[in-house]
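One structure is given here, and the rest of the page talks about it.
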Amino acid sequence: MHSINAIMIENKNELIARYLIPAFNLVTQNRNELLAALCWVCKLQSTVKYQVLETPGPHEEGQLWFAIDAMVHAYHYCPVKKCKWGSRIWKKQEFIVSGPSLLHQQPLTDYIEVLEPGRVLSIGYTDLTGLMARYPELALQLQHIGIENEGYYRHRNWLLTQPAWLRIKQFKAENVLFMRVASHGCVATHIGMALRTYAEYLKRGKEETDL
């Protein structure tokens, strides 16, 4: 009979093969070797709703996250105003990684929080850097993910310059799944509004619809 630890390791390895390897979408002749390397350094955990995975700190504490079952978001916290400002949203089974921290050793700046309970795989940046040195195709993929993140932030910065109601409308259209699981307060942080202001716009929009 397998021990509990052996069963957990076996389950983790199955999840890596089923989800993580296909998500990387790598063309490599060393697939089995890469799979074994990932199984060695990757961790699996079960998370609860609103669990914080990562906090601001030195880049060595950073991790690549891959949430199998849950949507995840990131936010900054302003200690002066004592409020959160949303910075990034990830759908299920997307790579969550800070390019500046992983690739350029810059400090971690965001809180990363899961919005649903589920299974999450993770690899520390130190281990990930070692894998990137061994597998150039993996390094290229992670650089590509970093470029995609930059595009996300550029679009988000543009969206925040739009008039309030247009901003809300477009954000809702672009983030349908997020709107289903996030609270009004969480949504407000990602469109750059106070909760009260966001609620007022929602009420106004409903009243106009009911006319």
Side-chain angles (χ1 to χ4, degrees), residues 19 23 44-57 61-101 107-122 145-211:
Y19 295 103
L44 169 66
Q45 61 178 298
S46 296
T47 59
V48 297
K49 189 174 183 178
Y50 300 137
Q51 180 173 330
V52 174
L53 299 176
E54 192 169 279
T55 61
E61 296 178 0
Q63 299 197 60
L64 175 146
W65 303 94
F66 187 85
I68 297 172
D69 311 301
M71 292 201 70
V72 180
H73 80 131
Y75 62 86
H76 301 291
Y77 179 75
C78 177
V80 177
K81 296 184 178 180
K82 297 183 179 180
C83 63
K84 300 177 181 179
W85 294 102
S87 56
R88 185 71 162 90
I89 297 167
W90 293 274
K91 299 174 183 176
K92 299 176 183 179
Q93 299 174 28
E94 287 188 331
F95 289 108
I96 303 165
V97 60
S98 169
S101 292
L108 303 168
T109 59
D110 290 5
Y111 291 84
I112 297 177
E113 180 181 65
V114 293
L115 295 171
E116 304 169 274
R119 299 161 296 175
V120 178
L121 295 166
S122 63
I145 292 171
I147 293 172
E148 289 182 336
N149 281 341
E150 292 175 3
Y152 179 97
Y153 292 124
R154 284 196 298 271
H155 176 72
R156 178 182 179 278
N157 290 338
W158 169 82
L159 184 63
L160 292 178
T161 66
Q162 302 307 298
W165 185 244
L166 178 61
R167 191 191 320 167
I168 294 171
K169 182 178 180 181
Q170 182 154 345
F171 181 87
K172 291 172 68 175
E174 294 175 352
N175 298 278
V176 175
L177 296 177
F178 176 77
M179 298 299 297
R180 293 177 183 173
V181 300
S183 66
H184 283 347
C186 185
V187 173
T189 69
H190 282 274
I191 55 177
M193 290 183 181
L195 175 57
R196 179 180 297 180
T197 304
Y198 176 60
E200 289 174 353
Y201 274 102
L202 291 182
K203 181 179 179 181
R204 189 184 310 173
K206 183 178 186 305
E207 290 173 347
E208 292 176 355
T209 302
D210 291 341
L211 292 178

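Separation of atoms CD1 (Ile89) and CG (Asn175) is listed at 4.5 Å; rounding is to 0.5 Å. Atom CD of Glu148 sits about 8.5 Å away from atom CD of Glu94, to the nearest 0.5 Å. Between atom CZ of residue Arg204 and atom CG of residue Leu202 there is a gap of 10.5 Å, rounded to the nearest 0.5 Å. Rounding to the nearest 0.5 angstrom, the gap separating the CD atom in Gln63 from the CG atom in Leu121 is 11.0 Å. Within the model, atoms CZ of Arg180 and CG of Leu115 stand 14.5 Å from one another, a figure rounded to the nearest 0.5 Å.
Taking the six-membered ring where the residue is Trp, His73 and Phe178 present tilted rings, their angle falling between 30° and 60°.
Here the closest non-hydrogen pair linking Gly192 and Leu160 is N-CD2, 3.9 Å. In this structure, Gln51 and Gln45 approach most closely via the heavy-atom pair NE2-OE1, 3.3 Å. Shortest non-hydrogen contact noted between Pro107 and Ser101 is O-OG, 3.3 Å. The minimum heavy-atom distance between His190 and Ser87, with the atom names listed, is CE1-N, 3.6 Å. Scanning both residues, Ile191 and Arg167, for their nearest heavy atoms gives O-NH1, 2.6 Å. Closest approach of Leu108 and Glu61 over heavy atoms only: CD1-C, 3.9 Å.
Counting heavy atoms from C-beta outward, Arg119 and Tyr19 have side chains that approach closer than 4.5 Å. Counting heavy atoms from C-beta outward, Phe66 and Ile96 have side chains that stay 4.5 Å or more apart. Within the 4.5 Å cutoff, no side-chain heavy atoms of Lys49 are placed close to those of Glu116. Contact annotation: the side chain of Ser98 never approaches that of Asp110 to less than 4.5 Å [non-hydrogen atoms, C-beta and beyond]. Annotation: side chain of Lys84 is not in contact with side chain of Tyr111 (no heavy-atom distance under 4.5 Å). By the 4.5 Å heavy-atom criterion applied to side chains, Thr189 and Trp85 are not counted as neighbours. Taking 4.5 Å as the limit, every side-chain heavy atom of Val72 sits out of range of all side-chain heavy atoms of Trp65. Looking at heavy atoms from C-beta onward, Ile168 lies in side-chain contact with Met193 at the 4.5 angstrom threshold.
Without hydrogens or angle criteria, Gln93 side chain to Ile68 main chain gives a donor-acceptor distance under 3.5 Å.
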#### Entry: Working for side chain to side chain contact (heavy atoms under 4.5 Å, CB included), residues Tyr75 and Arg88
CA-CA 7 Å; Tyr75 62 86; Arg88 185 71 162 90; over 6 Å; no

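Summarising the local packing, NE2 of His76 is surrounded by more than 12 heavy atoms from other residues, nucleotides or ligands at distances under 6.0 Å.
Listed by first and then second residue, the side-chain hydrogen bond (donor to acceptor under 3.5 Å, both in side chains) pairs involving residues 151-162 are His155-Glu174 (not counting sequence neighbours).
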